[in-house]
Q: 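The structure follows.
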Amino acid sequence: MTRLVTPEVTGVGTARLDLSGSEAVRLQPSPNLGERANDLQDDPQLSSSAAVNVKNSLGFSDFMDIEVSWGHEQAAMLALKFQFIGAPTKSAGAGNFSLGMRVGYGLIVSGGSLESDEIIGNESRRSYILESGHGLVDLMVGYRVLGSLLVYGGYFLDDGRYNLKFKTGVRNTFINEISNKGFSFGTQWQANNLLVNLSLAKGEFTIEGKNERISAIDGALSLGFLY
């Protein structure tokens, strides 16, 4: 849920590499996948844990970036960011007002199996595939209070689903559609090519068809470098 996304693009001919640590909000379809293998329609469990993410942005022009990001147990993400007003990060100075938008898609596919003493039924092993994908949209505004200090905020909306298929044993398929929306706020400090970004986000997950809404707040810190 934490965005760490400013409204400024990197700038043509410039790339940006960010390493971030955040609190990840996670939805688990069942408290115990093994013991509840035939009963995954119960309300999902909400938990949080630390997450590390790497993002690389390439300045395709002074108004568009191409972004790729990935992390452990996280979706691989591909996105485009557009800046409609203001100068890009490589040349922005004090008083720069920026307006930006990001659109993208993330996908993670994983799988595993459960031993016979963990499942219901007579199969000795039960394998599964879990596929989770979501689209994202960010709308952001920012202002450079100083040449080195950017403050920004925005609205975000994610929409996707997870699809759990058991491939052996009882071949159940479970699908849940989830949306996530909320607001993010952050500051970015810049010293030449070094960037430090601090962000907070407040959002609400909605699980379609279950009338389930879960609110959460999380934060993140990233260290970036322009090259």
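All residue numbers refer to positions in the sequence shown, counting from 1.
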Q: Mind checking whether Leu19 and Val68 sit in one hydrophobic cluster, side chains of I, L, V, M, F, W, Y counted as touching below 4.5 Å?
A: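 Yes, it is one cluster - the side chains of Leu19 and Val68 are joined through contacts under 4.5 Å.
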Q: Run the numbers on Gln188 and Arg144 for side-chain contact (heavy atoms from CB on, under 4.5 Å), then give the verdict.
A: CA-CA 9 Å; Gln188 178 179 273; Arg144 289 235 175 196; 4.0 Å; yes
Q: Show which residues join Leu4 in its hydrophobic cluster (side-chain heavy-atom contacts under 4.5 Å, direct or indirect), or state none.
A: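 Reading the cluster by chain and number, Leu4 sits alone, since nothing else belongs.
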Q: State the CG-CG distance between Asn180 and Leu157, to the nearest 0.5 angstrom.
A: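 Nearest 0.5 Å value for the CG-CG distance: 8.0 Å.
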Q: Measuring only between side-chain heavy atoms, which start at C-beta, is Lys81 closer than 4.5 Å to Thr6?
A: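 Lys81 reaches Thr6 side chain to side chain.
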Q: Sequence neighbours left out, what passes salt bridge (Lys or Arg N to Asp or Glu O under 4.0 Å) with Asp158? Give chain and number order.
A: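 Counting only residues at least two positions away or on another chain, Asp158 forms a salt bridge (Lys or Arg N to Asp or Glu O under 4.0 Å) with Arg3.
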Q: Work out which heavy atom in Ala201 is nearest to a heavy atom in Phe156; give both atom names and the distance.
A: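 The answer is CB-CE2, 4.1 Å.
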Q: Please name all residues satisfying side chain to side chain contact (heavy atoms under 4.5 Å, CB included) with Ala79, sequence neighbours left out, ordered by chain then number.
A: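 Side chain to side chain contact (heavy atoms under 4.5 Å, CB included) list for Ala79, sorted by chain: Glu67, Arg102.
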Q: Can you sort out the partners of Phe82 under side chain to side chain contact (heavy atoms under 4.5 Å, CB included), two or more places apart, ordered by chain and number?
A: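 Result, side chain to side chain contact (heavy atoms under 4.5 Å, CB included) vs Phe82: Met64, Leu80, Phe84, Val103.
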Q: Can you spot which of Leu17, Asp18, Leu194 makes a side-chain contact (heavy atoms from CB on, under 4.5 Å) with Leu223?
A: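 With Leu223 as partner, Leu17, Asp18, Leu194 yield a single side-chain contact (heavy atoms from CB on, under 4.5 Å), made by Leu194.
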Q: Let me confirm one number: the CD1-CG distance from Ile108 to Leu130, rounded to the nearest 0.5 Å.
A: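 Atom-to-atom, Ile108:CD1 and Leu130:CG are 7.5 Å apart.
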Q: With sequence neighbours excluded, tell me which residues meet side-chain hydrogen bond (donor to acceptor under 3.5 Å, both in side chains) with Glu131.
A: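 Partners of Glu131 by the side-chain hydrogen bond (donor to acceptor under 3.5 Å, both in side chains) criterion come out as none, since no residue qualifies.
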Q: Under the side-chain hydrogen bond (donor to acceptor under 3.5 Å, both in side chains) rule, collect the residues that match up with Ser49, sequence neighbours excluded.
A: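 For Ser49 the side-chain hydrogen bond (donor to acceptor under 3.5 Å, both in side chains) partners, ignoring immediate neighbours, are Arg26.
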Q: Under the rule for ring pair (Phe, Tyr, Trp, His ring centres under 6.0 Å), what residues qualify as partners of Phe183, not counting sequence neighbours?
A: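 By the ring pair (Phe, Tyr, Trp, His ring centres under 6.0 Å) rule, Phe183 matches Tyr155.
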Q: Would you be so kind as to tabulate the donor-acceptor pairs closer than 3.5 Å made by side chains of residues 92-101, with sequence neighbours excluded?
A:
{"residue": "Asn96", "atom": "OD1", "partner": "Ala87", "partner atom": "N", "Å": "2.9"}
{"residue": "Asn96", "atom": "ND2", "partner": "Glu8", "partner atom": "OE2", "Å": "3.4"}
{"residue": "Asn96", "atom": "ND2", "partner": "Ala87", "partner atom": "O", "Å": "3.3"}

Q: Output all residues satisfying side chain to side chain contact (heavy atoms under 4.5 Å, CB included) with Leu226, sequence neighbours left out; order by chain, then residue number.
A: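 Partners of Leu226 by the side chain to side chain contact (heavy atoms under 4.5 Å, CB included) criterion, ordered by chain and then number, come out as Thr10, Thr14, Arg16, Thr89, Gln190, Asn193, Leu195.
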Q: Are Val109 and Trp70 connected into the same hydrophobic cluster when the rule is that any two of I, L, V, M, F, W, Y join if their side-chain heavy atoms are below 4.5 Å apart?
A: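 No, Trp70 does not connect to Val109 through the hydrophobic network.
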Q: In Å and rounded to the nearest 0.5 Å, what is the CG to OH distance from Leu136 to Tyr105?
A: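 OH of Tyr105 is found 10.5 Å from CG of Leu136.
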Q: Any non-hydrogen side-chain atom of Phe60 less than 4.5 Å from a side-chain atom of Leu58?
A: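 In short, these two side chains do not touch, never coming nearer than 4.5 Å.
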Q: Under 4.5 Å between side-chain heavy atoms, hopping through other hydrophobics if needed: is there a path connecting Ile66 to Phe63?
A: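 Yes, it is one cluster - the side chains of Ile66 and Phe63 are joined through contacts under 4.5 Å.
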Q: Is Val137 reachable from Ile178 through a run of hydrophobic residues whose side-chain heavy atoms are each under 4.5 Å from the next?
A: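 No, it is not one cluster - the side chains of Ile178 and Val137 are not joined through contacts under 4.5 Å.
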Q: Identify, with sequence neighbours excluded, every residue that meets ring pair (Phe, Tyr, Trp, His ring centres under 6.0 Å) alongside Phe185.
A: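 Listed in chain order: nothing, the list is empty.
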Q: To the nearest 0.5 angstrom, please state how far the CZ atom of Phe225 sits from the CG atom of Asn56.
A: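 One finds 12.5 Å between CZ of Phe225 and CG of Asn56.
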Q: Please give me the minimum heavy-atom distance between Ser69 and Asn53, naming the atom from each residue.
A: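 Residues Ser69 and Asn53, closest heavy atoms: CB-OD1, 3.7 Å.
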Q: Who passes side chain to side chain contact (heavy atoms under 4.5 Å, CB included) against Asp62, sequence neighbours left out?
A: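 Testing Asp62 for side chain to side chain contact (heavy atoms under 4.5 Å, CB included), a comparison that skips the adjacent residues, returns Val12, Pro88, Lys90.
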Q: Determine which pairs satisfy side chain to side chain donor-acceptor pair (under 3.5 Å) with at least one residue from residues 195-205, sequence neighbours left out, and list them in order.
A: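 Counting only pairs at least two positions apart or across chains, the side chain to side chain donor-acceptor pair (under 3.5 Å) contacts touching residues 195-205 are Tyr152-Asn197.
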